[in-house]
Each structure stands twice: as C-alpha cells, then as structure tokens.
Amino acid sequence: MKPIRLYLVTLLLTLTGRAAMAQTETPVTLRGQVTSFDGKLVLYPATIRNKNTGARVFSDQGGYYRISARQGDEIVVSFIGYVSDSVKVINLAGTQVANIRLNARERFLPQVEVSGKWNAYQLDSLARYEEFKPFLEAKEQTLVNTEKRSQGGFGLVFSPFTRGSREQKDLRKFKKLYEENERQQFMDYRYSKSFVSTVTGLKGDSLMRFTQAYTPSYEMLRTINQEDLIMWISVRAKQWRQNPAVRIKEND
C-alpha cells in the first residue's frame with residue numbers, strides 16, 4: 001500500500017505544480033491611461049516598461065497604454081519631468097486596469113558642486129539616462145533598410161511604412177522630448193534663479209521680469225565661462241535697472 005500511496009502523493013504534487021505554473025504563465029493585458037496627478041494633463045509619450053520581461057511600450061496621444069504581462073510582474077511607468085510610478089500585476093489572466101497619475105518632479109539644480117567629479121546637473125542627467133536607457137538606446141528605423149537585400153543586388157529596401165509606424169513615431173517624439181528636456185535642465189542649472197539673484201541682488205517679481213528679459217541661449221551657456229557669465233548678467237542688470245525697456249543684444 002505504501003508504494004501506491006507514495007505514487008498518488010507524487011502525482012498530486014506534480015499536477016498541483018503544473019496547475020500553478022499554468023496560472024503563472026497565463027498572459028495578462030495591463031491597460032490604462034497616464035496623466036498628471038490632477039488628471040488635467042495627458043502624458044504622451046509616457047514610457048511603460050515590464051521590469052520582469054523587458055517589454056516596453058509608449059502611451060498614445062490620449063495617454064492610453066497596453067502592455068502584456070503575467071501575474072507578479074512589475075510595470076514601471078515614467079514620463080520626462082515627472083516622478084515614476086510602478087504597478088504590480090495581480091490578475092491571473094484577462095485584463096487589469098491601472099490608471100497612472102504622476103507627480104511633477106521638483107527641480108533640484110543648485111549652483112554647487114555635489115562631488116569632486118560630478119555636479120548636480122550631471123548627476124541628475126545620469127540618473128535620467130539610466131531611467132530611460134531602454135528607450136533611448138532603441139534603434140530608429142531609417143527610410144532605407146540595408147539589413148535586407150533586394151533581389152536586384154543593390155542591397156537597399158525602402159520601407160516608409162515601417163518608419164511611419166506609430167511605434168517609430170512615438171520613439172522619435174520621445175527622443176526629441178528627452179533632448180529638449182536635457183537642454184532646459186542644463187539652462188536651469190547654469191542660469192538658475194538663485195544664481196542670478198546672487199549676482200544681481202534682485203528678488204521676487206523683479207528677478208522674474210529680469211530673467212524673462214535676459215536669458216542666455218543654450219549654445220552660449222555651453223561655451224561661456226563662469227566669470228564671463230557673471231559679467232554678462234551684471235551689465236544687463238545695470239541697464240535693466242536704468243531702463244527696463246532697453247535691451248542689450250546677447251553678444252554685446
């Protein structure tokens with residue numbers, strides 16, 4: 001009797017294990033909408049990434065997304081300039097709805113060196129790159145695909161449909177948005193309100209109106225040294241106090 005009983009126990013455990021495995025492997029569709037925390041701003045293209053499988057998608061122009069997952073997977077939702085959030089897949093199968101509300105990220109770009117090697121902007125930039133790395137390193141489709149060979153032997157295949165796909169459009173939109181944000185973050189760092197206030201002594205509305213009248217271009221902030229930037233600000237602050245209507249050109 002013991003061998004029979006042992007066989008039945010083993011069979012029961014095997015069947016239970018297979019059932020559990022089948023449940024775990026059942027696909028789940030996670031879908032929802034990504035907006036700002038107050039729900040007033042649709043976030044497009046937000047990035048949605050499955051940490052367990054590496055699958056990734058963008059939200060569409062309405063902020064809606066859909067991604068394949070399995071029970072227990074963690075889905076990370078991010079948008080440039082906002083604090084990321086994550087969702088745990090709890091369904092065994094079918095569809096799970098998760099509407100995501102993201103908080104705007106506070107700007108932390110003090111005009112100080114954080115360490116001997118990296119400043120605050122560089123540390124923030126590195127962190128942003130790591131966060132969006134899977135999307136930033138995704139290759140964009142070109143109009144001409146050289147990986148495929150045509151029968152004529154020229155080795156060029158024109159693929160406007162692939163390049164014009166929604167996924168490729170979202171990818172190009174995301175990379176452009178990321179680049180614009182990096183430029184703005186650098187400008188906010190080098191020409192921060194606290195730095196301009198220290199140089200000019202301006203505060204409140206006066207500081208705001210001065211920076212609206214005088215903000216160096218990104219290209220200038222990339223090349224000018226700190227002493228020259230302080231002089232640039234000082235000259236314009238003096239003129240602005242005398243007559244706010246008069247403008248000095250950027251290169252004067």
Side-chain angles (χ1 to χ4, degrees), residues 20 22-110 120-141 162-189:
Q23 287 182 332
T24 304
E25 293 178 353
T26 303
V28 177
T29 298
L30 185 72
R31 66 177 180 83
Q33 186 185 34
V34 187
T35 66
S36 58
F37 190 77
D38 59 10
K40 295 181 179 179
L41 184 63
V42 168
L43 301 183
Y44 160 76
T47 62
I48 297 89
R49 179 170 57 91
N50 188 322
K51 287 184 67 175
N52 298 73
T53 67
R56 53 187 184 269
V57 298
F58 291 106
S59 64
D60 63 18
Q61 293 184 2
Y64 295 101
Y65 73 94
R66 181 185 299 266
I67 191 170
S68 180
R70 300 187 188 279
Q71 186 186 41
D73 286 356
E74 183 179 0
I75 310 301
V76 179
V77 181
S78 305
F79 187 74
I80 297 168
Y82 285 73
V83 180
S84 298
D85 198 0
S86 62
V87 179
K88 202 78 170 181
V89 178
I90 58 176
N91 285 16
L92 289 173
T95 300
Q96 179 178 329
V97 178
N99 294 318
I100 309 299
R101 305 289 181 258
L102 298 181
N103 282 303
R105 188 183 299 275
E106 293 184 11
R107 287 181 174 177
F108 173 67
L109 292 173
Y121 163 75
Q122 291 169 327
L123 290 173
D124 271 6
S125 183
L126 287 170
R128 281 191 298 273
Y129 186 85
E130 284 301 314
E131 181 177 4
F132 295 107
K133 185 176 180 179
F135 296 90
L136 291 170
E137 295 186 352
K139 293 183 178 179
E140 296 182 45
Q141 293 287 342
T162 302
R163 179 174 170 78
S165 68
R166 201 195 93 183
E167 181 182 357
Q168 285 297 307
K169 288 180 179 178
D170 289 345
L171 180 60
R172 289 193 294 274
K173 172 76 173 178
F174 166 76
K175 288 186 175 182
K176 181 180 179 181
L177 185 64
Y178 181 88
E179 182 180 350
E180 290 173 351
N181 181 71
E182 285 301 303
R183 290 167 68 97
Q184 188 59 54
Q185 291 288 342
F186 178 78
M187 292 178 69
D188 289 345
Y189 169 69

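Quick note: numbers below take in every heavy atom, side chains included, and nothing from hydrogens, waters or symmetry partners.
Of all heavy-atom pairs between V87 and A98, the closest is CG1-CB, 3.9 Å. The nearest pair of heavy atoms linking F132 to S78 is CE2-CB, 3.6 Å. Closest non-hydrogen pair, E137 versus Y129, comes out as OE2-OH, 2.9 Å. What you find for K173 and P45 is that their closest heavy atoms are CG-CD, 3.7 Å. Looking at every heavy atom in both residues, I75 comes nearest to A69 through CD1-CB, 4.1 Å. Listed here is the closest heavy atom pair of R66 and T29: CG-CG2, 3.4 Å.
Put simply, the side chain of Q33 gets close to the backbone of G62: a donor and an acceptor are under 3.5 Å apart. A donor-acceptor pair under 3.5 Å is formed between the side chain of S59 and the backbone N or O of L43.
Among residues at least two apart or in separate chains, there is no salt bridge (charged side-chain N to carboxylate O under 4.0 Å, His left out) pair with a member in residues 80-103. Judged as a salt bridge (charged side-chain N to carboxylate O under 4.0 Å, His left out), the pairs with a partner in residues 41-55 (not counting sequence neighbours) are, in order, K51-E74.
With F79 as the fixed residue, the side-chain contact (heavy atoms from CB on, under 4.5 Å) test singles out one of L41, V34, L177: L177.
Going from atom CD1 of I67 over to atom OG1 of T53 covers 6.5 Å, rounded to the nearest 0.5 Å. Rounded to the nearest 0.5 Å, atoms CZ (R56) and OG1 (T47) are 10.5 Å apart. A distance of 8.0 Å separates OH of Y64 from CG of N99, quoted to the nearest 0.5 Å. The line from CD of Q184 to CD of E180 is 10.0 Å long, rounded to the nearest 0.5 Å. In this structure, OH on Y65 lies 12.0 Å from CG on D60, to the nearest 0.5 angstrom. Rounded to the nearest 0.5 angstrom, D124 CG and E182 CD are separated by 9.0 Å.
Ring centroids of Y178 and F135 are separated by 6.0 Å or more, keeping the two rings apart.
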Checking D188 against Y121 for the side chain to side chain donor-acceptor pair (under 3.5 Å) test, could you report, in this order, the C-alpha distance in whole Å, the side-chain angles of both residues, the deciding distance, and whether it holds?
CA-CA 9 Å; D188 289 345; Y121 163 75; over 6 Å; no
